[in-house]
Novice: 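I'd like to ask some things about the structure below.
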Amino acid sequence: MGPKRDYYDILGVSRTVSKEDIKKAYRKLARQYHPDLNPENKEAEEKFKEIQEAYEVLSNDDQRKTYDMFGAADYRPGAGRGRTARSGFEDFPGFEFSFGNISGFNELFKDIFGDIGGPRRRTRARGRDVNYILEIDFDTSIKGGIKDLSITKETSGQPIETETISVRIPGGIDTGSRVRVPGKGQPGIGGGPRGDLYLTIKVTPHPLFQRNGDNIFLELPITIFEAMLGSQTSVPTIDGTTAVITIPPGVQNGTKLRLKGKGVPNPRTKTRGDQFVVVKVVIPKKITKEIKEKIEDLSETLQYDPRGHLRKYIN
């Protein structure tokens, strides 16, 4: 073991400090390192024992005088009443300096901690938070709704119980979003409050719609004739209704046509994104000989060269 620490250093005070200041220093440190406030912390527990020992000596006028006389190296308190300082007279029976005023220490301890100063009470702690992955369909993620799910409660020494709860899913939520359900985590310790339940959302993909932030994208196949001549057509929306969209003549493959305000409602801003209709020109895979001849005649009539800008780079 190393040299015994000085009691004044333990309490963080000078050797000339008043008795009242010693008491103030002890109160502050005792609150900081008390085992009930630092459960399962061995370092804090040992520190608290040091603080107790230092205060018991320095708060007693006679013991403090003896300690100041012999110093930390030769002062040896015992384990309870009748603690002694190494005085140089150990061989003479009955010569000792007694720690008799334990009741005064207990009164101060109660003054600082109340019931903590009495019998050790059970630690009261908040229960653990619980994390679940909750899969919801695309429509629920857009419009919101109520989902029922079962959670388990792991109570120490008790059978695992299952609890069914209903959770409100806010509209506009997306994959990766988290929903907090207060007080539905694991039970607390020693009567402490329950933790919270956190749901990480996973949205099932939709067969038609794709989402990017608050915007919705829908691929719209059109014929080569619609692309050349233009047309009007109906498209579905996430509201379950249809909207009429105009395809301009000569539209190019991949063009995005916008339906303003037909996207996802944002739960924070209370505004809606847009729906974008992405044009996909579909070429027929099979054509008859007669149709082929007509297309060849048309190609000769319709003189246009979409690769003209490449000609100067081709040898």
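Excluded from the calculations below are hydrogen atoms, water molecules and symmetry mates; all remaining heavy atoms, backbone and side chain alike, are included.
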Novice: What closest approach, in Å, do Thr140 and Gly145 show between heavy atoms, and which atom pair accounts for it?
Specialist: CG2-N, 4.2 Å
Novice: Give a yes or no on whether the backbone of Asn215 and the side-chain of Asn212 come within a donor-acceptor separation of less than 3.5 Å.
Specialist: no
Novice: Would you indicate whether the side-chain heavy atoms of Leu134 and Ile169 approach each other to under 4.5 Å?
Specialist: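 Yes, their side chains come closer than 4.5 Å.
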Novice: So, Tyr55 versus Arg27: side-chain donor-acceptor pair below 3.5 Å or not?
Specialist: no
Novice: Keeping Thr241 on the side-chain end and Thr237 on the backbone end, is there a donor-acceptor pair under 3.5 Å?
Specialist: no
Novice: How about CD1 on Ile133, more than 12 heavy atoms from neighbouring residues, nucleotides or ligands closer than 6.0 Å, or not?
Specialist: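 Atom CD1 in Ile133 is not packed in, count stays at 12 or less.
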Novice: Find out if a path of hydrophobic residues (ILVMFWY) with successive side-chain heavy-atom gaps under 4.5 Å connects Ile287 to Ile222.
Specialist: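 Each belongs to a different hydrophobic cluster.
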Novice: Return the CG to OG1 distance between Leu149 and Thr164, rounded to the nearest 0.5 Å.
Specialist: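 So the CG of Leu149 and the OG1 of Thr164 are separated by 8.0 Å.
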Novice: Atom CD1 in Ile173, atom CZ in Arg178: separation rounded to 0.5 Å?
Specialist: 11.0 Å
Novice: Please name the pair of heavy atoms, one in Pro170 and one in Arg168, separated by the smallest distance, quoted to 0.1 Å.
Specialist: CD-O, 3.6 Å
Novice: Where the side chain of Thr175 meets the backbone of Val203, is there a donor-acceptor pair that is under 3.5 Å apart?
Specialist: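 Between the backbone of Val203 and the side chain of Thr175 there is a qualifying donor-acceptor contact (under 3.5 Å).
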Novice: Can you find a heavy atom in the side chain of Gln186 that is under 4.5 Å from one in the side chain of Val130?
Specialist: yes
Novice: Please walk me through it: do Glu46 and Lys49 pass salt bridge (Lys or Arg N to Asp or Glu O under 4.0 Å)?
Specialist: CA-CA 5 Å; Glu46 291 303 317; Lys49 290 177 182 178; 3.7 Å; yes
Novice: Given side chains that start at C-beta, do those of Asp274 and Lys262 come closer than 4.5 Å, heavy atoms only?
Specialist: no
Novice: For atom CD of Gln210, decide whether the heavy atoms of other residues, nucleotides or ligands shown that lie under 6.0 angstrom number more than 12.
Specialist: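 Not more than 12 within 6.0 Å, no.
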Novice: When you measure from the side chain of Lys270 to the backbone N and O of Pro267, does any donor-acceptor pair fall under 3.5 Å?
Specialist: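 Checking the backbone N and O of Pro267 against the side chain of Lys270, a donor-acceptor pair under 3.5 Å is found.
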Novice: Do Arg311 and Asp305 have side-chain heavy atoms sitting under 4.5 Å apart?
Specialist: yes
Novice: Using 0.5 Å steps for rounding, measure from the CG atom of Leu220 to the OG1 atom of Thr255.
Specialist: 11.5 Å
Novice: Go through it in stages, so that I can follow the logic: the residues are Tyr67 and Asp6, the test is side chain to side chain contact (heavy atoms under 4.5 Å, CB included), and I'd like the CA-CA distance, side-chain angles, deciding distance and then a yes or no.
Specialist: CA-CA 10 Å; Tyr67 179 78; Asp6 183 83; 3.1 Å; yes
Novice: Look at Arg272 together with Asp239 and state whether they make a salt bridge at an N to O cut-off of under 4.0 Å.
Specialist: yes
Novice: Are Met228 and Leu302 packed together at the side-chain level, in the sense that at least one heavy-atom pair is separated by less than 4.5 angstrom?
Specialist: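 Yes, close enough: below the 4.5 Å cut-off.
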Novice: Let me confirm one number: the NZ-CG distance from Lys28 to Leu11, rounded to the nearest 0.5 Å.
Specialist: 12.0 Å
Novice: May I ask you to check whether Asp174 and Ser177 show a side-chain donor-acceptor distance below 3.5 Å?
Specialist: no
Novice: For atom CD of Glu296, is the number of surrounding heavy atoms from other residues, nucleotides or ligands below 6.0 Å larger than 12?
Specialist: yes
Novice: Check for me, please, whether Val277 and Val244 land in the same ILVMFWY cluster - side-chain distances under 4.5 Å, paths through other members count.
Specialist: no
Novice: What are the two closest non-hydrogen atoms of Pro236 and Leu208, and how far apart are they?
Specialist: CG-CD1, 4.2 Å
Novice: Val251 and Phe217: same hydrophobic cluster, using ILVMFWY side-chain contacts below 4.5 Å?
Specialist: no
Novice: Transitively linked via ILVMFWY side-chain contacts under 4.5 Å: Phe138 with Val278?
Specialist: no
Novice: Do Asp68 and Tyr7 have side-chain heavy atoms sitting under 4.5 Å apart?
Specialist: no
Novice: Identify whether the distance between the nearest side-chain nitrogen and carboxylate oxygen of Asp196 and Arg126 falls below 4.0 Å.
Specialist: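 A salt bridge is present here (some side-chain N lies under 4.0 Å from a carboxylate O).
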Novice: To the nearest 0.5 Å, what is the distance between CG (Leu58) and CZ (Arg15)?
Specialist: 8.5 Å
Novice: So, do Glu56 and Glu53 sit near enough that their side-chain heavy atoms are less than 4.5 Å apart?
Specialist: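 Not in contact.
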Novice: According to ring-ring contact (aromatic ring centres under 6.0 Å, His included), who are the partners of Tyr132, at least two apart in sequence or on a separate chain?
Specialist: none
Novice: Which pair of heavy atoms, one from Val264 and one from Arg211, lies closest together, and at what distance?
Specialist: CG1-NH2, 3.5 Å
Novice: Atom CG of residue position Leu229 - does it have more than 12 heavy atoms of other residues, nucleotides or ligands inside 6.0 Å?
Specialist: yes
Novice: Keeping the roles fixed (side chain from Asn253, backbone from Val281), state whether a donor-acceptor pair exists under 3.5 Å.
Specialist: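 Between the backbone of Val281 and the side chain of Asn253 there is a qualifying donor-acceptor contact (under 3.5 Å).
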Novice: Grab the two heavy atoms, one from Pro221 and one from Val282, that are nearest each other, plus how far apart they are.
Specialist: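 Closest pair (atom of Pro221, atom of Val282, distance): CB-CG2, 3.7 Å.
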Novice: Check Ile146 against Ser166 and note the closest heavy-atom contact, atom names and distance.
Specialist: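 Heavy-atom minimum between the residues: CG2-CB, 3.9 Å.
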Novice: Can you tell me how far CG of Leu218 sits from NE2 of His206, rounded to the nearest 0.5 angstrom?
Specialist: 9.5 Å
Novice: Any side-chain heavy atom of Ile22 within less than 4.5 Å of one from Arg64?
Specialist: yes
Novice: Are Phe209 and Phe276 co-members of a hydrophobic cluster defined by side-chain heavy atoms under 4.5 Å apart?
Specialist: no
